[in-house]
Amino acid sequence: MSDIRERIIVNRGLAQMLKGGVIMDVTTADQARIAEDSGAVAVMALERVPADIRAQGGVARMSDPAVIRAIQEAVTIPVMAKVRIGHLVEAKVLQALKIDYIDESEVLTPADESNHIDKHDFEVPFVSGCRDLGEAARRIGEGASMIRTKGEAGTGNVVEAVRHMRTLMGQIRMLLSMREDEVPGFAREIAAPFEVLADIRKSGALPVVNFAAGGIATPADAALMMQLGADGVFVGSGIFKSGDPARRAKAIVEAVAHCEDPAWIARVSEGLGEAMSGLDVRTMPEEERLAVRGR
Amino acid sequence: MVIGILALQGNVREHMANLNRHNVQGHPVRLPGDLAGIEGVILPGGESTAMRNLVSSSGLKEPVGDLIRQGLPVWGTCAGVVLLGRGGIWPFVDIRVERNAYGSQIFSRLVHARSALSETPTPMVFIRSPRIVSAGREVEVLAEVEGDIVAVRQGNILLTTFHPELVDHSPFTASFIDMVRVRSACSDETPAPGHCPKETGRAV
């Protein structure tokens, strides 16, 4: 096992290299190659995309290692994969498969309703979902090397990702402007480890890269999340559930790189074909919401 | 002094901060218009296929290629090495590069190794880095780790397969800023005699 501080530099560092990029959900080697050729900076190897997990129901678990291996062999970009919240053995299995990043994800059915994985115990880095600064800070405290908004995966509806990103960035701005003697109370209020908040105040920013995820379906959605402060985006069901995946994938990559240029986004958005059909999160029963899993 | 940083994808913010630590201003380059007035350019780490696609669609391939040919100092880190080696989008350096040659993230690491630039070992952060498999005669090898070439210079181009921008002090950052300073001094009306490099980038 290498020195822990060095591990933190290289593991947070890999996420830093992904900034300004798009990470795409794929379920086959062919899809992985399409994603790589379209300019994805990494792929998330899955058996089913979130929209199908939602539709089919049942317990969603870590993917079959054969699916993951086939995707690892198909591309040279980093390959990520999901484990259930708290399922440390699934995570050890992914580490044994030499996965590049583990997503401890609310999209799968949680294995533990009280505890997350102790991510310091791994050499492979983790990305974790969050809805606000408290959740982000707890995950960072547990050793996550990257965070993402939870959004509401598999809906094609960006509203929850927007809510989570605005909440997170707003709370960071609040933290940076408050008096020193207000920090401990704020830490208790949002149930965040004090040391993580102190670290953010010292450096003026989150110590890890922060992507947007959950419901991003169009180039404009992706650019919106970038403008709200995301370092990059995950697109799950949005690409391979759409009419023309390769074109949509390229267009989203371009929209992220040129997120401040509306004319550019207009051009890449032309004639993309059908986006995935969306779900209204407001009318969704609480038990169907994925974002509430794992606090 | 203003140094451009290719800002389509990757480790842009860290290169910006690294230049600022050295009292140099960085300028993001996304479109050809952003190249005006820059005295050097950095190609950051990131994913080389993504960067390559975006360089083409943003219309940067030709104008950046022209500037390199005219002698603009260029520093490629990690993915930037892939873009500037043989088979890259700007194949100006006579090296053969293997992408992601060390395997998955578990093999990424920080090592302290000697280089031609400093008496003391330099911290080098390797993250799923490419490997320079071979280098032509015009290429000056600046550092090797366990038999692999990890840093080279050819004329106006500096390449590092690791990430000097992720550490506080690296002689490679200082060396690149120096290359830019020398070139800018030589482009002035009355260059100091004998101090200006003659080489310019040439496609191989």
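Every chain is numbered from 1, with letters handed out A, B, ... down the list of sequences.
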His258(A) versus Ser58(B), side-chain donor and acceptor atoms under 3.5 Å: yes
Part of Arg30(B) within contact of chain A (heavy atom distance under 4.5 Å): both
Contacting region of Asp261(A) [heavy-atom separation from chain B under 4.5 Å]: side chain
Passing candidate, salt bridge (Lys or Arg N to Asp or Glu O under 4.0 Å) with Asp103(A), options Arg139(A), Lys119(A), Lys82(A): Lys82(A)
Lys98(A), NZ atom: more than 12 neighbouring heavy atoms under 6.0 Å: no
Best-contacting candidate, Asp231(A), Ile99(A), Leu18(A), Thr76(A), against chain B by heavy atom pairs under 4.5 angstrom: Thr76(A)
Portion of Ser48(B) that has a non-hydrogen atom of chain A nearer than 4.5 angstrom: neither
Proximal component of Leu110(B), with respect to chain A [non-hydrogen, under 4.5 Å]: both
Within 45° cone of Tyr102(B) ring axis and under 6.0 Å: Arg131(B) NZ or CZ: yes
Chain B contacts, top residue of Val22(A), Val124(A), Val253(A), Leu14(A) (heavy-atom pairs, under 4.5 Å): Leu14(A)
Contact winner vs chain A - Arg13(B), Arg128(B), Met51(B), heavy-atom pairs under 4.5 Å: Arg128(B)
Structural part of Gln72(A) lying under 4.5 Å from a heavy atom of chain B: neither
Side-chain H-bond candidate by donor/acceptor type, Gln105(B) with Asn11(A), under 3.5 Å: yes
Interface moiety of Arg109(B) toward chain A, non-hydrogen atoms closer than 4.5 Å: backbone
Criterion ring pair (Phe, Tyr, Trp, His ring centres under 6.0 Å) on Phe172(B) and Phe176(B), from CA distance to verdict: CA-CA 6 Å; Phe172(B) 289 89; Phe176(B) 180 65; over 10 Å; no
Flag if over 12 foreign heavy atoms under 6.0 Å of CZ, Arg21(B): yes
